[in-house]
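Working notes, structure below.
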Amino acid sequence: MSNKKEDILYQDLEIPEAVWDKANEAFSQIRMESEGEIKTSVKRKARKLHLPKAAVIAIICCLICGTTVTAMEIISSYRQRMESMEKQEIEDFYQLANAGEADSLNRPFTAQEAERYQALTVEYEKNGRFPEEPLTVLADTDTYNGQGVAIDASTRTIYLPEESLSDEELLEIIDFNHKLVYSIYETNQERIIARGDWESRMAEMTDEEVDRIYLAYCASNLDVGGGYGREFSLSESQRYEELKKRYETEGICSEQEIMIIKKWDEYTGAGVAFCEENSQFCLPDGELSDTELLQIIDFEHKIPYCFDRILYDIQMGFREGYPVAGNRNEEDDDK
């Protein structure tokens, strides 16, 4: 079986060790390019795709005060706090996100404050420990009186008092940072969905759909497979490129999604399918139809999107970690 066109794009994600070993891929640390583009470096030849960049937003989490809490328990109260933000509040935070170059402090955290900041971030996300008051927003620096914590709306500088920060003050900063990141993500998602293109369909995928595709790809044995079950014909290759372009620019897609099977011998020879056993696309002997090519194209685009979206959820604390096969429902296995 040929591995021509086996190059399914990965994002540059930091993957848990178990997934790293299973996928046998060399993911490097996520990094940003201009206008939110992400570079990809993989061992195999990569196909370039224009993807939604939820991972870029996750990077912001890492930059804010230099901390990120990972592998946290999903706590509904925290997620509800983010998702219950009013539209105007999201718009206000989004405007703040575009003020100044980056969040900075008028003085660095002390070692003790930095340690407590991380501990309180866990409590904020994991136990729903929220501040009693929001972070004060100043019109300009001159209005800061040295009491409490506040942010200058014009420069996005967070001002800290000279004395050691209280838990409440640290929680106000933590709350502000989380809402800022969430507002950026939500605003970008709204714009993506409003476009009505292929990325908008991705953004409307449920968590269950995302997990299903992620697990199907990670469950595969990339050491012995990958790519397509046979060579594309010249006609198929040409139509593949044409349809991929139309998929991305015009939003054309197949009404029916590709079938996912566990074992190679489950393939009946009809239609196209993705096999978890060897990470290959099963292709019929006859010439592929446009519908079948679009099913392949759609699945190839969904793989990196699902990694991208799961990473964001982990960085935000909405997920405990990457999905594992043991969490799949029986009904998912029958799909």
Exercise for the section: List the steps, then state whether side-chain contact (heavy atoms from CB on, under 4.5 Å) holds for D175 with L135. Expected result: CA-CA 8 Å; D175 187 55; L135 182 68; over 6 Å; no

Exercise for the section: Measure from the side-chain N and O atoms of E123 to the backbone N and O of L120, and report whether any donor-acceptor pair falls under 3.5 Å. Expected result: no

Practice task
For R201 and G251, indicate whether the former's side chain and the latter's backbone hold a donor-acceptor pair under 3.5 Å.
Solution key: yes

Problem - Main-chain N/O of P131 paired with E168 side-chain donor or acceptor, under 3.5 Å - result: no

Problem - Ring centres under 6.0 angstrom apart (Y322, F307) - result: no

Problem - Electrostatic pair E172:K179 at N-O distance under 4.0 angstrom - result: no

Practice task
Could you tell me whether the side chain of M205 reaches within less than 4.5 Å of the side chain of I213, counting heavy atoms only?
Solution key: yes

Handout entry: Residue pair Y144 / A150: nearest heavy atoms and the distance that separates them
Key = CD1-CB, 4.1 Å

Problem - Shortest non-hydrogen contact from N106 toward T157 - result: N-CG2, 4.1 Å

Handout entry: Backbone of E115 reached by a side-chain donor or acceptor of Q118 within 3.5 Å
Key = no

Practice task
State, with a plain yes or no, whether a side-chain heavy atom of V210 is found less than 4.5 Å away from one of D313.
Solution key: no

Problem - Neighbour count >12 (heavy atoms, 6.0 Å) for atom CD, E162 - result: no

Practice task
Assess whether atom CD of E257 is packed by more than 12 heavy atoms of other residues, nucleotides or ligands within 6.0 Å.
Solution key: no

Handout entry: Main-chain N/O of V181 paired with E186 side-chain donor or acceptor, under 3.5 Å
Key = no

Handout entry: Y185: which of Y312, Y94, F318 passes ring-ring contact (aromatic ring centres under 6.0 Å, His included)
Key = Y312

Problem - Ring center gap for F93 and Y182 short of 6.0 angstrom - result: no

Exercise for the section: Can you establish whether the number of heavy atoms outside E266 located under 6.0 Å from its atom CD is more than 12? Expected result: yes

Practice task
Would you indicate whether E163, at its atom CD, is surrounded by more than 12 heavy atoms from other residues, nucleotides or ligands within a distance under 6.0 Å?
Solution key: yes

Exercise for the section: Look at the side chain of Q295 and the backbone N and O of Q256, then say whether any donor-acceptor pair between them is shorter than 3.5 Å. Expected result: yes

Practice task
Evaluate side-chain contact (heavy atoms from CB on, under 4.5 Å) for R239 paired with K244, printing each intermediate quantity in order.
Solution key: CA-CA 8 Å; R239 286 189 295 117; K244 183 164 74 72; over 6 Å; no

Exercise for the section: Could you check if a side-chain atom of L165 sits within less than 4.5 angstrom of a side-chain atom of V149, using non-hydrogen atoms only? Expected result: yes

Fill in the blank from the handout: In R81, Q80, R79, the residue satisfying side-chain hydrogen bond (donor to acceptor under 3.5 Å, both in side chains) with E83 is R79

Problem - Main-chain N/O of Q280 paired with N278 side-chain donor or acceptor, under 3.5 Å - result: yes

Exercise for the section: Kindly say whether T187 contributes a backbone atom to a donor-acceptor pair with the side chain of E190 at under 3.5 angstrom? Expected result: no

Practice task
Name the orientation class of the two ring planes belonging to Y247 and H301 (parallel below 30°, tilted from 30 to 60°, perpendicular beyond 60°).
Solution key: tilted

Exercise for the section: Measure across G146 and P161 and return the closest heavy-atom pair with its distance rounded to 0.1 Å. Expected result: O-CB, 3.5 Å

Problem - Sub-4.5 Å side-chain heavy-atom contact between L243 and D290 - result: yes

Practice task
Measure the acute angle between the ring planes of Y78 and H178, then classify it against the limits of 30° and 60° as parallel, tilted or perpendicular.
Solution key: perpendicular

Handout entry: Worked verdict on R319 versus D207 for side-chain contact (heavy atoms from CB on, under 4.5 Å)
Key = CA-CA 10 Å; R319 286 177 179 263; D207 288 346; 4.2 Å; yes

Handout entry: Within 6.0 angstrom of E89 CD, more than 12 heavy atoms from elsewhere
Key = yes

Problem - F281: which of F232, Y240, Y217, Y228 passes ring-ring contact (aromatic ring centres under 6.0 Å, His included) - result: Y228

Practice task
Check for a donor-acceptor pair, side chain of R116 on one end and backbone N or O of L170 on the other, with a separation under 3.5 Å.
Solution key: no

Problem - Partners meeting side-chain contact (heavy atoms from CB on, under 4.5 Å) with C282 (sequence neighbours left out) - result: I261, W264, Y267, A273, C275

Exercise for the section: Output yes when D152 and R156 qualify as a salt bridge under the 4.0 Å nitrogen-oxygen rule, no when they do not. Expected result: no

Problem - Side-chain heavy-atom pair Y159, T136 within 4.5 angstrom cut-off - result: no

Practice task
Let me see the working for L96 and F176 under side-chain contact (heavy atoms from CB on, under 4.5 Å), right down to the final yes or no.
Solution key: CA-CA 11 Å; L96 274 171; F176 175 86; 3.8 Å; yes

Practice task
Mark yes or no for whether E292, through its side chain, and S289, through its backbone, hold a donor-acceptor pair below 3.5 Å.
Solution key: yes

